[in-house]
**Q** 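Below is the structure I would like to discuss, written out as structure tokens.
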Amino acid sequence: MKKNGVKMIKINSKNVDVFYGKKQALFNINLDIEENQVTALIGPSGCGKSTFLRCLNRMNDVIDICRVKGQIIINDFDINDKSCDVVRLREKIGMVFQKPNPFPKTIYENISYGPTIHGMAQSKNEMDEIVENSLKKAALWEEVKDRLHEPGTGLSGGQQQRLCIARAISVKPEVILMDEPCSALDPIATAQIEELIDELKKDHTIIIVTHSMAQAARVSQNTGFFHLGELIEHGSTDKIFKNPENKRTQDYITGRFG
Amino acid sequence: MVFFAALTVGPFLKDIGTAMGLEVSAESALAAGGVMGIMIIPFISSLSDDVITSVPQSLRDGSYAMGATKSETIKKVIFPAALPGIVGSILLGVSRAVGETMIVVMASGLAANLTFNPLESTSTITAQIVVILIGDQAFGDPKTQAAFALGMTLFLVTLSLNIFALRVVKKYREKYE
Amino acid sequence: MNKNKEKLLNSRYRAEKRFQFYGKSAIFLALLFLTIFIFKIFSTGYTAFQKTWLIVPVTFDAETMYLDENPSKEDLEDADYFDLALQTMFNLDKSASEKQQNDLKRMVSYFFEREIKRELLNDPSLIGKTKDVYLTASDDLDQVFKGNYPRDLPEDQRRVTDYQLKIFDQLVEQGRVESKFNLSFFTYPDSREAELAGIASSFMGSIFSIVVCLVIAFPVAVLAAIYLEEFAPKNRFTDFIEVNINNLAAVPSIVFGLLGLGILLAVFQLPRSTPLVGGITLSLMTLPTIIIACRASLKAVPPSIREAALAMGASKMQTTMHHTVPLSMPGTLSGTIIGLAQALGETAPLILIGMVAFVNTIPGSPLDPAASLPVQIYIWAESAERGFVEKVSACIMVLLGFLIIMNLFAQIIRHKFEKKWS
């Protein structure tokens, strides 16, 4: 989105290096993410795109041997700084995973989980409203409104993934990270999710990691291409797909490797 | 083999009881129960540990990504998910404690009181069996037969506890595999 | 709004700290019990590995032994050493009254006669000469010397008389009391006298029981597991068997004891109190443990290995014996060792089949009556004498040592030889 013709940058990463034990997984990543746009990260598997994604809400903290260096600046604030509060950061930056992972609770409890722990609703009515809005935004409301109190694990794969998206947006995050959200889904469910992503970018900045170049072309405005832990090239999706500067990007796009 | 604990921890519990102003005899149901409770700690904790490990990592990630702290994740996601398995392991632990003999023989007074006061001296099925069968009884002796009847009761009680516990654990496993 | 948020966040972090505190205190509590347990056993038990000796001058006077001047070996064997031994003790205080003489005699174990005899048999030339001989002190003096016996009790409440203490203190002053490593704890059988009681008989009993248990349980369990896992059809009957094996593993041990008593002793009339019956009873207990471990490790062998062998034209039997079973052995063995360790520590079923009887000989075969280590602990713990208190702890230490070694061994086998299938 442009304000007065200037691109608004939401996330600004500078010289990010990531190590798993002694092995370096990411080399000097400098990538700016535009606000209220969909940014796709593509590349062959093991190239570090998911690792980079997990840096953005510090999910790498969960892995003991993982170390992150460099700066990632969101809202003028370095999230790798000691003073950064992980809990607050993750409230602002939601995440959707590769495999749908609803909690083994009811649909209602799945959505109300985030608002409850962050103290967002003062009353039952408010909570009902949050749940309804989130489910509506995730285009799941019509399908589940009659069985909110049944287990979320009973839904189909595509529904479960939309439930996870609804769960992520229930706390009104500024950024949503999606780690190959459609890789475990069938084409129809994938189409529904892609439609949803397009809808969501009005209110949220979205970063999506995907294996499928077609998907990147369909949903994203910007694209970054990763290879062997390096960010080879990034820019608008149009440019990357039609007119890449780097030879390796071109080879990957045209399917010569990967 | 854990009955050695009865020899050491039993008197210790008694000292604590006295320090708190309670008249605990070293041979009370409380002492025996306390030692048994300590004995099944490792049993229950290792079983529950397995159960908790088998809760998929993706659930933890999901909760952390929502901005939950570690304890919130444990209390609201992992623990409820693992609860059936934990209950199952507790049941298995209890059935083990019911079948435990030597602790009671060593730590309780073996007086067959019908009482609900845990500070008094009591006995258990297993201890009664040992008490009856130590020494030389003729095989057809009614006392011997009583011991076998006690053994059968014990067997049936622990068997049903086990069947129930194993079913709970199994159901839980199927959910995640 | 923002202030509220700040407040909420702070309280969430406090909850986090509290939760961690609960967890840590639970672990602390569990460790505390373990430390108390180990500390108590070691602090009361370590003295049992020392034994107190009185060094007493013995004059090997041929006349007191009713011997000729030049006795043959047989004569020495058959001679009466009792008077000599008594005289030796009386010599400690020549002015003792009759009652005091009795006290003097009780300062050493009733073995003192044999200890003197052994000294002479080792060196027949001692006749007519005087030599310092090591005599085992009575268990009460042993405890006094180790500081476990309160000396300040009034005389009528202790088993050691003032007179004995006086003589003992004199001996200590003369350097005639010595504490040495208690070898007899490991080489002597059980005894009613604490100073002479050892674990040799119960140790052998345990070894025989475990060997019998292993010989019966291992082949049966492994064959059962292989059949169930590799050959048996999956139907309701085998399901039923599987459920039963799982339940059998959790049946209280005392029920197996009743089984041993009711069937092995009453029906088959096998000899009571023997490691043979004990081993069979324990093997019933160990069976399900080994079957479960063996089946689990058979299951862990990936089907691709079986398919590869079958595709090479191996029969089902050859596939199982050449590939599946060898690959599952580490898991099976470590399961077996853990099962045996459990059996080694088991007490209740052995008590029921009569292995609690007092045995003062070292068993030479599984058909001789014997006790086992945990039963020995039980027997000593029930004894009133102060001398047995340290023996109980020492025996627990020995048994714990064995259990720890066995479990370590199982861990090593598992980690070193078990293949990880990815």
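Chain identifiers are assigned alphabetically (A, B, ...) following the order of the sequence lines, protein sequences preceding nucleic acid strands; residue numbering begins at 1 within each chain. What you are looking at is a predicted structure, and each value in this text was computed from that prediction instead of being measured.
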**Q** Just wondering, more than 12 heavy atoms not from B:F164 lying within 6.0 Å of its CZ?
**A**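 Counting other residues, nucleotides and ligands, CZ of B:F164 stays at 12 neighbours or fewer.
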
**Q** Please report the interatomic distance CG(B:D61) to CD1(A:I63), rounded to the nearest 0.5 Å.
**A**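 Rounded to the nearest 0.5 Å, the CG-CD1 separation comes to 8.0 Å.
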
**Q** Counting C-beta onward and ignoring hydrogens, is there a side-chain heavy-atom pair between B:L59 and A:P104 closer than 4.5 Å?
**A**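 They are in contact (side-chain heavy atoms under 4.5 Å apart), so the answer is yes.
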
**Q** Chain B heavy atoms under 4.5 Å from A:R54: which part of the residue, side chain, backbone, both or neither?
**A** side chain

**Q** Let me know which of B:Q57, B:R60, B:K70 forms a side-chain contact (heavy atoms from CB on, under 4.5 Å) with A:V62.
**A** B:Q57

**Q** Does the side chain of B:E72 reach to within under 4.5 Å of the side chain of A:T116, using non-hydrogen atoms?
**A** no

**Q** Does atom CD (A:E195) have a neighbourhood of more than 12 heavy atoms from anything else shown, all under 6.0 Å?
**A** no

**Q** Is it true that atom NZ of B:K75 has more than 12 heavy atoms of other residues, nucleotides or ligands lying nearer than 6.0 Å?
**A**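 Enclosed: over 12 neighbouring heavy atoms sit under 6.0 Å from NZ of B:K75.
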
**Q** Look up atom OH in B:Y64 and atom CG in A:N57, then write down how far apart they are to the nearest 0.5 Å.
**A** 13.0 Å

**Q** So how far is it from A:D85 CG to B:T69 OG1, rounded to the nearest 0.5 Å?
**A** 10.0 Å

**Q** Among A:K92, A:K105, A:Q98, A:M95, single out the residue with the greatest number of heavy-atom pairs under 4.5 Å to chain B.
**A** A:K105

**Q** Look at atom CZ of B:R96 and say whether more than 12 heavy atoms of other residues, nucleotides or ligands are closer to it than 6.0 Å.
**A**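 Open: at most 12 neighbouring heavy atoms sit under 6.0 Å from CZ of B:R96.
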
**Q** Would you mind checking which part of A:I93 comes under 4.5 Å of any heavy atom in chain B, side chain (CB onward), backbone (N, CA, C, O), both or neither?
**A** backbone

**Q** Can you find a pair of side-chain heavy atoms, one from A:S170 and one from B:M66, that are under 4.5 Å apart?
**A** yes

**Q** For A:F103, which atoms come within 4.5 Å of any heavy atom of chain B: side chain, backbone, both, or neither?
**A** both

**Q** Heavy-atom cut-off 4.5 Å, strictly under: side chain, backbone, both or neither for A:P102 against chain B?
**A**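 Contact with chain B: backbone only.
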
**Q** Does the side chain of A:Y113 come within less than 4.5 Å of B:V77's, by heavy atoms?
**A** yes

